[in-house]
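Please read the structure below before turning to the comments.
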Amino acid sequence: MLRADLDVDPLTAARLLLGSGLTGRGVTATIVEVEAYGGPADGPWPDPAAHSFRGPGLRNSVMFGPPGRLYTYRSHGIHVCANVVCAADGVAAAVLLRAAVIDTGHDVAWARRGTSVREVALARGPGNLCSALGITMDDNGIDLFDPQSPVRLELSELQVGQTGPRVGVSKAADRPWRMWLPDHPEVSAYRRSPRAPVPGGSD
DNA sequence: GACCGGATGGAC
DNA sequence: TCCATCCGGTCG
């Protein structure tokens, strides 16, 4: 499977990324938890929780570009989180990488994360995943299908996962756009944003 | 120009 | 439950 397979809606892309291989600077991993994000109100997948909701800006322009690129952002001024851009060039949509199983390069991952970290937690959570694979803000916009890229993607066959609401979002908090593979302790725990309106409210 | 508020994670 | 720590977006 290749880049063209990511020229799809974010939910389809999310299913495609589940079980796919991710290589980052000496570490290979299998993606087991993701979240789909859409775009502006006038686009095909309006999503108030997406960074792209208010249109292209300085930090989010990669999301509006062609599929198969990496969109990174800094969370809470501390952590780096990574998305795989999907949908056609000019249309904003992306999939947040939330958790992965480390397949090879455990020693490298432990060196980055700290040796006291349990193996299942090496790449659990979007910030930890980037830390384990050595992904930094400088990687924003790189091509995940270029063999020269330090971070690369190898798409697998479509996987069926479980779904639930996205973690920590204050807008569209009930939309079930998080997906994960069952029976993986690497999947992060669900935490609802304290700012989100009561469950069941309008989306 | 100031200020707000996170697509988090780890310590209590 | 609390908060460290940036910075783009928003509003005055």
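Letters go in sequence order (proteins before strands), and every chain restarts at 1.
- Distance check: A/L155 CG to A/L2 CG gives 8.0 Å after rounding to the nearest 0.5 Å.
- A/R113 has a side-chain polar atom (N or O) that falls below the 4.0 Å cut-off from OP1 or OP2 of B/dG10.
- Using a 4.0 Å cut-off between charged nitrogen and carboxylate oxygen, A/D9 and A/R15 do not count as a salt-bridge pair.
- In this entry the distance linking CG of A/N83 with P of B/dT8 reads 11 Å, nearest Å.
- Atom CG of A/D183 has 12 or fewer neighbouring heavy atoms from other residues, nucleotides or ligands inside a 6.0 Å radius.
- At least one side-chain heavy atom of A/S188 sits under 4.5 Å from a side-chain heavy atom of A/E33.
- Using a 4.5 Å heavy-atom cutoff, the side chains of A/T30 and A/E186 are not in contact.
- One interatomic measurement links the two molecules: CZ of A/R54 to P of B/dA7, which rounds to 11 Å at whole-angstrom precision.
- A side chain to side chain donor-acceptor pair (under 3.5 Å) check over residues 52-77 of chain A, counting only residues at least two apart or in different chains, returns the pairs A/H51-A/Y71.
- Rounded to whole Å, atom P of B/dG9 lies 6 Å from atom NE2 of A/H79.
- The CZ atom of A/R191 sits 9 Å away from the C1' atom of B/dG10 (whole-angstrom rounding).
- Side-chain contact of A/W180 with A/Q162: a donor-acceptor pair under 3.5 Å is present, judged by distance alone.
- Every stem involving DNA chain B, taken as at least 3 paired positions in a row under the Watson-Crick or G-U wobble test at 3.5 Å, is listed here: B:1-6 with C:6-11, B:8-11 with C:1-4.
- Atom name P, nucleotides B/dG5 and C/dG12: the rounded distance is 13 Å, in whole Å.
- Residue contacts shown for A/S193 are absent, as no nucleic acid heavy atom lies under 4.0 Å away.
- Atom CG of A/L153 and atom CG of A/L97 lie 8.0 Å apart (nearest 0.5 Å).
- Here B/dG9 presents its P atom at 15 Å from OH of A/Y190, a figure rounded to the nearest Å.
- In the model, A/T28 has no side-chain atom that pairs as donor or acceptor with a side-chain atom of A/D103 under 3.5 Å.
- The same atom, C1', is picked in C/dC7 and in B/dG10; the two are 23 Å apart, to the nearest Å.
- No hydrogens or angles were tested; on distance alone, nothing pairs the side chain of A/R124 with the base of B/dG9 as donor and acceptor under 3.5 Å.
- A/R166 places its CZ atom 11 Å from the P atom of B/dT8, with the value rounded to the nearest Å.
- In this entry the distance linking CE of A/M137 with P of B/dT8 reads 15 Å, nearest Å.
- Aromatic stacking is not marked for A/Y73 over B/dA7, as the cut-offs of 5.5 Å for the centres and 30° for the planes do not both hold.
- Contacts of A/L58 with the nucleic acid, taken as non-hydrogen atoms under 4.0 Å apart, involve only primed sugar atoms and P, OP1 or OP2.
- Atoms CD and NE2, from A/E119 and A/H106 in turn, are 4.0 Å apart once rounded to the nearest 0.5 Å.
- Reading DNA chain C from its 5' end, the first and the last nucleotide to sit under 4.0 Å from a heavy atom of chain A are C/dA4 to C/dT10.
- Annotation: C/dG8 and B/dG9 have their C1' atoms spaced 22 Å apart (nearest Å).
- Regarding A/I135, its CD1 atom lies at a distance of 16 Å from the P atom of B/dT8, rounded to whole Å.
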